[in-house]
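If you read the sequence from its start, that first residue is 1, and numbering goes on from there. Just so you know, ligand 1 is whichever comes first in the structure, and atom 1 is the first atom listed for that ligand.
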Amino acid sequence: MLYTRSSQLFAEAEKVIPGGVNSPVRAFKAVGGTPIFVKSAKGAYLYDEDGNRLIDYINSWGPMILGHAYEPVVQAVIEKAKLGTSFGMPTELETQIAALAVSMVPNIDKIRFVNSGTEACMSAVRLARGFTKKDKIIKFAGCYHGHSDSFLIQAGSGAITFGSPNSPGVTAGTAKDTLLAKYNDLENVAALIEANKNEIAAIIVEPVAGNMGCIPPNKGFLEGLRQLCTDNGILFIFDEVMTGFRLAAGGVQELFNINADIVCFGKVIGGGLPVGAFAAREEIMNYLAPLGPVYQAGTLSGNPLAMAAGLAMLQALDRDRAIFQRLEEKTAYLAAGMEKVLKANNVIFTINRIGSMVSVHFDAAPVVDFQSAAKGDNETFKKFFHGLLQEGIYIAPSAYETWFITDALSYEDLDFTIQAVDKVSKTF
Ligand SMILES: *Cc1c(COP(=O)(O)O)cnc(C)c1O
């Protein structure tokens with residue numbers, strides 16, 4: 001496949017946009033080459049500027065769980081756009097999506113909408129600090145909670161890919177309030193709490209990590225964190241920006257039957273438009289302005305186009321709960337198929353999977369935290385990535401990313417992908 005027009009467009013973009021991209025994960029820095037410029041997408045496929053068709057395993061980094069240009073979402077946006085694109089005043093639509101989200105997700109009474117996952121996590125932490133009147137937070141190495149200052153301490157995803165897990169520009173003052181723990185290591189967290197008695201406002205976690213590849217929590221890890229939070233007056237924040245409305249209608253809280261105190265959303269909840277949200281029980285949410293003292297706001301928050309897209313998406317997921325089972329089956333099929341051919345070709349690898357999240361790591365040891373995720377062989381990953389791209393399959397251009405499986409994928413697409421993995425891994 002040729003990507004000549006994409007390369008030309010990238011050269012133009014680089015002149016006026018830093019690195020040619022508006023989010024670093026889109027760059028091909030970790031794998032070499034230049035990004036693909038997309039023209040349109042439908043269902044499981046991307047169509048690029050060179051006229052190539054690619055099977056898409058990124059799906060806008062998660063939102064397109066039902067496939068690209070999903071008709072009810074597109075229609076809802078078109079209809080709303082005709083009525084005006086922003087008012088800065090309340091609309092009935094906001095209550096409709098809020099009520100639906102509250103009905104689908106366990107253990108939340110109220111939800112506030114923002115414009116990105118970053119904003120959701122940033123606001124959730126401010127709320128937790130205001131509510132507990134404490135300053136410090138615990139986050140886990142390799143977990144990504146958006147690009148706000150408090151979280152760019154050993155952050156995952158693009159931050160690791162580009163070698164800046166600790167970004168310049170974050171002050172020492174801010175960094176000192178973020179304590180860093182090891183994912184899947186309860187004793188480490190308990191020790192941090194002990195060393196910072198009565199100073200910790202919140203523990204924020206990706207309850208299934210997805211920004212250092214896919215890393216499910218070990219048995220007892222989330223339960224243990226829940227207990228530590230309860231025992232120490234700490235709020236437990238689930239960052240479900242990736243997992244919310246993906247691993248189950250009610251996210252990881254439902255999947256593992258664990259209650260968080262504050263839950264953050266993004267990605268799927270916006271149906272492909274810029275939406276984030278955070279939610280909690282009433283007592284906590286009432287701490288927000290205008291009811292309470294913690295300030296949080298947004299000119300375009302609850303935007304009608306974004307809410308229309310999100311509502312259409314949540315309604316589709318709410319109506320057809322079997323979708324989560326279908327996604328599980330498709331992803332299990334893909335993972336098993338890849339495992340078989342990689343083994344047959346004597347490749348050293350580990351595949352992690354839960355529900356519709358899956359990642360391939362080129363290392364033999366189990367991948368359970370940031371340290372083990374970082375051991376993967378990036379040279380092999382580069383060959384894997386470019387080999388698949390030549391076959392018309394698009395995965396994330398970084399070994400630290402999860403694949404997002406969409407319901408639009410057919411079993412023919414999955415078989416084609418497994419065959420491509422077979423072909424490509426023979427060349428390693
Ligand atoms: C994507 C992501 C974010 C950030 O969301 P943006 O919409 O990119 O700001 C936060 N947390 C997790 C777990 C994510 O996967």
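In this structure, Y57 and W403 have tilted ring planes: the angle between them lies in the 30° to 60° band.
For residues 80-93, the salt bridge (charged side-chain N to carboxylate O under 4.0 Å, His left out) pairs, not counting sequence neighbours, are E79-K82.
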- Residue pair I55, Y394: steps toward the side-chain contact (heavy atoms from CB on, under 4.5 Å) verdict: CA-CA 6 Å; I55 301 179; Y394 192 53; over 6 Å; no
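For ligand 1, the 4.0 Å heavy-atom shell contains residues S116, G117, T118, Y144, H145, G146, E206, N211, D239, V241, M242, K267.
Under the ring pair (Phe, Tyr, Trp, His ring centres under 6.0 Å) criterion, Y70 pairs with no residue at all, not counting sequence neighbours. Among residues two or more places apart in sequence or in another chain, the salt bridge (Lys or Arg N to Asp or Glu O under 4.0 Å) test is passed with K330 by D407.
In this structure, CD1 on I193 lies 4.0 Å from CD1 on I203, to the nearest 0.5 angstrom.
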